[in-house]
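Working notes, structure below.
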Amino acid sequence: MSDAPVLTRRPEWTALEDHRTETLQRPRLRELFAADPGRAERYVVRVGDLRIDYSKNLVTDETLALLQELATATDVFGQRDAMFRGEKINITEDRAVLHTALRAPRDAVVEADGVNVVPEVHAVLDRMSAFADRVRSGQWTGHTGRRIRNVVNIGIGGSDLGPAMAYEALRAYTDRSLTLRFVSNVDGADLHEAVRDLDPAETLFIVASKTFTTIETITNATSARSWLLQALGEEKAVARHFVALSTNAEKVTGFGIDPDNMFEFWDWVGGRYSYDSAIGLSLMIAIGPERFREMLDGFHLVDEHFRTAPAESNAPLLLGLLGVWYGNFFDAQTHAVLPYSHYLSKFTAYLQQLDMESNGKSVDRDGRPVGWETGPVVWGTPGTNGQHAYYQLIHQGTKLIPADLIGFARPVDELGDELKAQHDLLMANLFAQGQALAFGKTADEVRAEGVPEEQVAHRTFQGNHPTTTILATELTPSVLGQLVALYEHKVFVQGAIWNIDSFDQWGVELGKVLAKRVEPALTEGAEVPGLDPSTAALVAAYRELRK
Ligand code: F6P
């Protein structure tokens, strides 16, 4: 049991509370900018290709200094160093947390349990590269000798969201002659829609599961195998059409996949931190090993920044602290991530698992209930679409919703001149939203436009809605790696401050156990002991309705 002071009783915490209630009340961005002409230039941090502008946040130099003192008091950097050193900071599972080793250069040394894991990491990357090259070149053929044209990744959670998100993000870098699909939902419709127009003889299934016990994935993989065998007949076809990504060689073999076709990773890689491990094989086939390695270099660049940059210019630390500021001192319950890039359409969904599965915790590392807010609800979709849906609430609703706006200076080259010309309009929207959210429109400004008095209140924008703008030149593989690592470490910083285990996910277990118990009641009509009256009635109604 740790003897560290309770977070909310630390002097650094109460200093922030005082700062919030007495000094600032609610700082007005209009006034903060008016009082500080250099704010826009000063409140920018750069890491790699990312320019992170945090000037439109409800902070002053004093706020930032107080937040950094909180980070020092809670030893965020000490905890960070323990993670990079391979200490078992995932205490409830007694595991090291070493996703940073997945993108370490070949000559680096990173030890888990006294063993340097970097050679193993690169050995798997080399095997993945060789396999990806064979599929891409047509050298790896299916059972009937035809080349593979379709790749279907079957996985869920971290074994789906990462590669699916990155595939969308890097579409412009993919081999367009290959079709990639991602199946995750145990709803049979997902697999059906994914394979209905595919030729089994040209289809490769990648079964991605860290544990290889996840019911959704194993069920879908079993159905995919039947689909394949119905067309190709012979059991030995499986060896040419199925590969596995897992830490569990025994279960993979038990499923009937040749261990030679298994790409491994390790228990020190959390599912939601795993798409730069073997779990990224589908992505690597799509973009090629070279681009995949560029992406890993992008991750590594931000790892090094997080590991070495001083607090004032440490981007993940800064983003983590801003989140703590709003969540713990302004009662903000949510955080919106709004990319102004169609290619990032799955980015926020990916971050939902990263952030909410990591920091959705209500007990501290010693198992005591926390007396403070932890992880926010993360949400959002590409910006311009959101503008015509839920931005109304961000602008004029009653909730404080801090948001990240993400955009790029250049569209991808492939678009062609006419579509590229639309990029300025896209980015004009990003900049306009940041301005409107921060500075709003006063009642006097509305009146000055001749708006009738009875409408003035309706057309007034209070502003003062905080945003952080992340700008990069172009969405390249490296930039994607940088962005993901930035958020990974932001989540780490917040978990470190809140004194929670950000690397377990016990909260997903109860539902899994109950689903197993309920299933026989649906399939076989069996009596299920221990069902609560409401659920028992629902089960009975379901049985009745489906007759
Ligand atoms: O149920 C949650 C979870 O364990 C996630 O943490 C994980 O990413 C996902 O399920 C999939 O797990 P696996 O890769 O073992 O199939």
Side-chain angles (χ1 to χ4, degrees), residues 122-155 159-160 162-164 166-183 191 193-208 220-221 224-246 252 255-265 275-296 343 412-414 476-477 480:
H122 280 272
V124 174
L125 276 173
D126 291 344
R127 279 188 65 223
M128 290 166 64
S129 303
F131 182 76
D133 279 339
R134 288 178 75 193
V135 173
R136 287 164 64 83
S137 68
Q139 234 187 315
W140 178 277
T141 52
H143 179 62
T144 64
R146 300 246 292 276
R147 74 181 286 172
I148 296 298
R149 297 190 187 281
N150 318 306
V151 176
V152 180
N153 188 84
I154 300 180
S159 300
D160 165 73
Y167 171 67
E168 282 306 318
L170 300 176
R171 278 248 182 176
Y173 296 86
T174 60
D175 177 342
R176 301 288 192 169
S177 69
L178 285 167
T179 297
L180 259 90
R181 305 248 166 99
F182 294 84
V183 173
L191 181 63
E193 292 298 337
V195 299
R196 54 177 289 282
D197 57 346
L198 302 185
D199 180 345
E202 298 181 343
T203 301
L204 175 73
F205 289 99
I206 299 184
V207 187
N220 276 325
R225 188 170 56 186
S226 306
W227 176 82
L228 184 93
L229 292 181
Q230 263 163 32
L232 302 185
E234 294 174 285
E235 185 70 31
K236 65 177 190 214
V238 171
R240 303 297 302 174
H241 293 267
F242 274 79
V243 301
L245 320 174
S246 188
V252 167
F255 183 84
I257 296 179
D258 186 343
D260 284 349
N261 294 345
M262 167 175 153
F263 298 85
E264 67 172 327
F265 58 113
Y275 98 77
D276 44 354
S277 70
I279 290 294
L281 183 64
S282 53
L283 174 69
M284 190 194 263
I285 292 173
I287 63 174
E290 210 176 303
R291 296 298 196 187
F292 194 86
R293 283 175 199 265
E294 285 171 22
M295 185 187 75
L296 296 184
Y343 288 112
V412 306
D413 213 33
E414 197 185 272
T476 61
L480 181 68

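The model shown is predicted, which means the values in this text are computed figures rather than measured ones.
The two residues S246 and V252 come nearest to each other via the heavy atoms CB-CG2, 3.7 Å. Heavy-atom minimum distance, L245 versus A278: CD1-O, 3.3 Å. Nearest heavy atoms, P200 versus L198: CD-O, 3.5 Å. Here the shortest heavy-atom pairing between A208 and N153 reads CB-OD1, 3.9 Å. Taking each heavy atom of L191 and A224 in turn, the nearest pair found is CD2-N, 3.8 Å. Considering all non-hydrogen atoms of both residues, Y275 and A166 come closest at CE1-CB, 3.6 Å.
Partners of N150 under the side-chain hydrogen bond (donor to acceptor under 3.5 Å, both in side chains) rule, at least two apart in sequence or in another chain, are T203. Annotation: salt bridge (Lys or Arg N to Asp or Glu O under 4.0 Å) contacts of D260 (sequence neighbours excluded): none. R196 meets the side-chain hydrogen bond (donor to acceptor under 3.5 Å, both in side chains) test with no other residue; sequence neighbours excluded. Listed by chain and number, the residues in a side-chain hydrogen bond (donor to acceptor under 3.5 Å, both in side chains) with D258 amount to none (sequence neighbours excluded). E168 meets the salt bridge (Lys or Arg N to Asp or Glu O under 4.0 Å) test with R171; sequence neighbours excluded. Partners of Y173 by ring-ring contact (aromatic ring centres under 6.0 Å, His included), not counting sequence neighbours: none found. Applying the ring-ring contact (aromatic ring centres under 6.0 Å, His included) rule to F205 yields the partners W227, F242; only residues at least two apart in sequence or on another chain are considered. Listed by chain and number, the residues in a side-chain hydrogen bond (donor to acceptor under 3.5 Å, both in side chains) with E290 amount to none (sequence neighbours excluded). Listed by chain and residue number, R176 satisfy the salt bridge (Lys or Arg N to Asp or Glu O under 4.0 Å) test with E414 (two or more places apart in sequence, or in another chain). Annotation: salt bridge (Lys or Arg N to Asp or Glu O under 4.0 Å) contacts of R240 (sequence neighbours excluded): none.
Between D175 and R291 no salt bridge is recorded (no basic side-chain N to carboxylate O distance below 4.0 Å). Salt bridge present: R293 and D126 bring a charged side-chain N and a carboxylate O closer than 4.0 Å.
Taking CG of L125 as the reference point, atom CZ of F292 lies at 6.5 Å (rounded to 0.5 Å). Taken to the nearest 0.5 Å, the CG atom of L180 stands 5.0 Å off from the OH atom of Y167. How far CD1 of I154 is from CG of N220: 6.0 Å, rounded to the nearest 0.5 Å. The distance from atom CD1 of I285 to atom CD1 of I148, rounded to the nearest 0.5 Å, is 9.0 Å. Between the CD1 atom in I257 and the NE2 atom in H241 there is a gap of 13.0 Å [rounded to 0.5 Å]. The CE atom of M128 sits 8.5 Å away from atom CG of L283, with the distance rounded to the nearest 0.5 Å.
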Starting from the C-alpha separation in whole Å, work towards a yes-or-no answer on side-chain contact (heavy atoms from CB on, under 4.5 Å) for L229 and E235. CA-CA 7 Å; L229 292 181; E235 185 70 31; 3.5 Å; yes
Set out, in order, the CA-CA distance, both residues' side-chain angles and the distance that settles side-chain contact (heavy atoms from CB on, under 4.5 Å) for V124 and F265, then state yes or no. CA-CA 8 Å; V124 174; F265 58 113; over 6 Å; no
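Sequence neighbours left out, the pairs with a member in residues 130-145 that pass side chain to side chain donor-acceptor pair (under 3.5 Å) are H143-E234. Screening residues 275-288 for salt bridge (Lys or Arg N to Asp or Glu O under 4.0 Å) gives R103-D276 as the qualifying pairs, with residues at least two apart or on separate chains.
Remark: the backbone N or O of D199 is not paired with any side-chain donor or acceptor of R146 at under 3.5 angstrom.
At least one side-chain heavy atom of I279 sits less than 4.5 Å from a side-chain heavy atom of P163.
Other residues, nucleotides and ligands place more than 12 heavy atoms under 6.0 Å from the CG atom of D197.
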